[in-house]
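Atoms within a ligand are numbered from 1 in the order they appear, just like the ligands themselves.
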Amino acid sequence: MVYSMNIFILGINGFIGNELTDRILNTTDWRVCGIDIHQNKIESLLKHTNFTFKLGDINQEKNWVYQKISEADIIIPLAAIATPKSYVENPLGVYQSVFETNIWLIKECARLKKRLIFPSTSEVYGMCTDDEFKETESNCVLGPIEKERWIYSCSKQLLDRVIWAYGHKGLPFTLFRPFNWIGASQDSVDFQTAGNVRVLPQFIGNILRSEPIYLVGGGEQRRSFTDIEDGIDALMKIIENKDGKAHGKIFNIGNKTNNYAIREIADIIIQSLKHYPDFAKLAEQAQVKAVTEKEFYGNGYQDVQQRIPDVSEIEQCLGWSPKVTLEESINKIVAHHLNTVRQKRIAEPV
Ligand code: UDP
């Protein structure tokens with residue numbers, strides 16, 4: 001049953017926030033209120049009658065945020081810095097944006113007993129060696145303190161534990177763990193963001209800029225890539241919370257049939273670009289080079305070799321399972337970025 005409710009999303013202009021808001025406003029009568037320091041991805045939604053937006057920094061707008069928490073039925077705090085390069089280059093910034101910004105929001109949700117849907121992360125499992133990661137059983141395995149890469153994972157893990165503990169005191173919550181969600185609106189492929197984006201836009205950008213594609217540690221490490229449409233389907237089911245089945249749960253949200261080595265991803269992207277006559281030459285000239293973790297990310301990095309989700313919990317509780325193949329996702333993402341580049345070329349002819 002879809003009924004009207006107020007949803008407050010922090011970090012609404014991000015990858016998950018903008019896609020979720022688009023889906024909510026276009027398929028339900030739910031009302032959304034959001035805040036973000038940017039608004040480029042939600043521009044087309046700003047006029048929607050069920051949408052209220054504030055451009056600003058959560059930490060500078062605390063009174064407004066407290067007010068919106070008190071008015072909302074559901075709070076979804078999505079603001080975070082979440083790229084491995086930022087974990088090693090700006091660990092304190094990551095800690096502040098992930099831990100310090102969320103802890104006071106969580107405490108306020110707990111005080112008012114407001115329903116909290118919180119993004120944990122597949123990063124919390126760290127270097128767990130289980131064949132498939134299970135929410136209730138798998139260990140969270142992190143490296144030494146000098147490996148700053150783990151500050152994001154560790155911050156999120158502590159927040160998970162705090163939320164879990166508040167759950168015993170009456171906080172209604174659901175934690176969700178995205179496994180390498182991918183989609184066209186994830187990161188841009190332009191020069192400004194180069195080197196600090198997730199692997200798919202990184203590789204597409206490398207080809208478009210005629211730079212080598214670097215395979216960190218040789219590229220044998222594997223990820224289970226999950227299309228954003230599948231991710232949003234899962235979030236909609238969590239928000240709907242049929243028969244209260246999402247309450248007090250942690251859900252992995254990932255697609256284990258899309259488990260590929262990073263080396264294979266580079267190849268699939270190159271092949272995909274070859275289908276476009278105006279980009280085929282760049283794709284044919286693409287170079288793929290192996291680099292060490294230290295060369296690419298510096299001393300503070302440690303990679304995850306395998307990351308496969310067990311999604312039986314969300315399958316059983318909410319009837320969700322992923323549908324989109326990696327090939328479909330990559331074709332959509334590549335088409336989107338190439339289109340953006342073409343439009344830029346028209347707007348700014350050389
Ligand atoms: N990676 C790579 N070359 C790049 C960027 C990333 O080989 O230019 C690797 C990275 O070391 C990791 C994987 O690709 O093993 C996925 O990286 P991403 O940043 O997308 O996110 P992660 O899954 O590590 O959080």
Looking at E123 and R307, is any side-chain nitrogen of the basic one under 4.0 Å from a carboxylate oxygen of the acidic one?
yes
Output yes when E240 and K237 qualify as a salt bridge under the 4.0 Å nitrogen-oxygen rule, no when they do not.
no
For ligand 1, the portion of Q221 having any non-hydrogen atom under 4.0 Å away:
side chain
Contact region, N180 to ligand 1, non-hydrogen atoms below 4.0 Å, reads side chain
Residue [X] vicinity, atoms of ligand 1 by number, heavy atom under 4.0 Å:
X: E123; answer: 25 (O)
X: Y214; answer: 2 (C), 3 (N), 4 (C), 7 (O), 8 (O)
X: L215; answer: 7 (O)

Do V216 and ligand 1 have an N or O pair less than 3.5 Å apart?
yes
Can you check whether Q202 has an N/O within less than 3.5 Å of an N/O in ligand 1?
no
Give the residue and atom name of whichever protein heavy atom lies nearest to [atom], and the separation in Å to one decimal.
atom: atom 13 (C) of ligand 1; answer: I262 CD1, 3.6 Å
atom: atom 15 (O) of ligand 1; answer: D303 OD2, 2.8 Å
atom: atom 23 (O) of ligand 1; answer: R223 NE, 2.6 Å

Has R161 got more than 12 heavy atoms of other residues, nucleotides or ligands less than 6.0 Å from its CZ?
no
Proximity winner for atom 20 (O) of ligand 1, if only heavy atoms of V199, D187, V197 are counted
V199
Go through the structure and list residues passing side chain to side chain contact (heavy atoms under 4.5 Å, CB included) with P277, not counting sequence neighbours.
none
Are D303 and Y301 linked by a side-chain donor-acceptor pair shorter than 3.5 Å?
yes
K85 NZ/CZ over F296 ring centroid, <6.0 Å and within 45° of normal
yes
